[in-house]
Number of protein chains: 2
Amino acid sequence: MSEATDTKERILDTAERLFAERGLGQTSLRQITSQAEVNLAAVNYHFGSKEGLIKAVLARRLEPLNRERIRRLDRLERSGDLTLEGLIEAFIGPPLELSRDGAGGGRFVRLMGRTYTEHANFLHDHMRQANEGLVSRFKPAFREVLPELPKGELYWRLHFMVGVMSYVMAGNDMMQVLAASRGANPDDPQEIIRRMVPFLAGGLQAPLPPELQQALEEGAAEAALGSD
Amino acid sequence: MSEATDTKERILDTAERLFAERGLGQTSLRQITSQAEVNLAAVNYHFGSKEGLIKAVLARRLEPLNRERIRRLDRLERSGDLTLEGLIEAFIGPPLELSRDGAGGGRFVRLMGRTYTEHANFLHDHMRQANEGLVSRFKPAFREVLPELPKGELYWRLHFMVGVMSYVMAGNDMMQVLAASRGANPDDPQEIIRRMVPFLAGGLQAPLPPELQQALEEGAAEAALGSD
DNA sequence: GTCTATAGTATGATAGAC
DNA sequence: GTCTATCATACTATAGAC
């Protein structure tokens, strides 16, 4: 079992790296097993299929990651100092900070960023399911710090926030070049977080678009607020 | 030549659709040629390789698209009413509106959104080159409407804007579900633009993060402003 | 310019010995 | 749990007839 675990871990580590570097579809089991120095058949033995391996790679890091995000939210709420900026940081901080931990966290973060735009139905389902608890915990908190924002509008904006986050996490060359040319260390997540938080806070609490504002004032509030 | 053009166009249309639906790497030339009802060898004859086909698919729509964005910027500047909101709309409007034109524009937009996170070096190079003129035209305009923002900070924020845009363009299920559940027509780009503009405007003109603000006031302005 | 045929290679998955 | 060997299938690309 200790030997087996070792093989399993080696497969997970290598798969994570290659998936992040080349994408899921472009990475073959052969590339993984040869670089992990395990037998080709080991993948199917331990994970059943390539799809099973992908899910295992994601789950291994996503679960502790989301636990950490919720832990930070808990702490914010207990401290009685729940601010928009703090909330944003609790949400985007852990994934971006993970990119700093020596052991492949950065690779995983890039992989995670990619899953948002990758084309695979089983992936979307898996991610949605894996993030269910996270979403149901953060949504009310955002509502609390943005009480003036209609519910429907808030959801749009939270998605825009996820858009920024996943783009940054995907970490394509442009982002690296940008950071480097600005004298910033592109591998320092704090640098990026420091810049993202004001941008996101500004966006989330921006005034409503004129048309919507007007609709609200004219009493179409019910429709606009919705009833999730 | 008319027959050839026909075949070429049919390949381009089908490739665009399949690339957007399944991703570049997951789409085979066989799938394309069989659905386009052309011979397998036609792709290599007309485009040289799969890579050549991908570039052709992108270039066909990207060039007129970026011309339109620049045309709108020209008009804004001539009108003497260059606002941040107008500038944002000139930049994000055309790609998002393209998703409404009946003839496959929506597919292309999703494909374009995906290219930002897709893993292929030739793609990044091609997109960077294709967007060069666009960027050099829009950057000074953004500087003009956001004069108080240090240059380095502006570039970060423009990238965040691209992040939101590409996430929305990638148009994954979540976005669709969100729009539908909010009573919005997920296929109406105006609906999305109306929501994105205030968010992006709010983000772009948000106050500087405290640390940076302080650095500026302490005279470290040179370093922070840079000299790009 | 379009076709068939095929070379040459890679893939995911499994059977069966150890 | 690990291995080799292999099946069945897919892929990109090209050669050569028409």
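Protein chains get the first letters and strands the later ones, always in sequence-line order, with residue 1 at the start of each.
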Inset, instruction - Can you check each nucleotide of nucleotides 3-18 of chain C against protein heavy atoms at under 4.0 Å and return B for base, S for sugar-phosphate only, - for none, in 5' to 3' order? - result: BB------BBBB----
Legend entry - Residues which pass ring pair (Phe, Tyr, Trp, His ring centres under 6.0 Å) with F47(B), listed by chain and number, not counting sequence neighbours: none
Inset, instruction - Give the rounded distance in Å between these two atoms: CD1 of I32(B) and C1' of dC11(D). - result: 12 Å
Inset, instruction - Tell me, please, which residues at least two apart from R69(A) pass salt bridge (charged side-chain N to carboxylate O under 4.0 Å, His left out). - result: none
Legend entry - Pairs touching residues 31-52 of chain A that satisfy salt bridge (charged side-chain N to carboxylate O under 4.0 Å, His left out), sequence neighbours left out: E51(A)-K55(A)
Legend entry - For F108(A), ring pair (Phe, Tyr, Trp, His ring centres under 6.0 Å) partners two or more places apart: none
Legend entry - Phosphate OP1/OP2 of dG1(D): any T7(A) side-chain N/O under 4.0 Å: no
Inset, instruction - State which residues pass side-chain hydrogen bond (donor to acceptor under 3.5 Å, both in side chains) with E132(A); sequence neighbours excluded, sorted by chain then number. - result: none
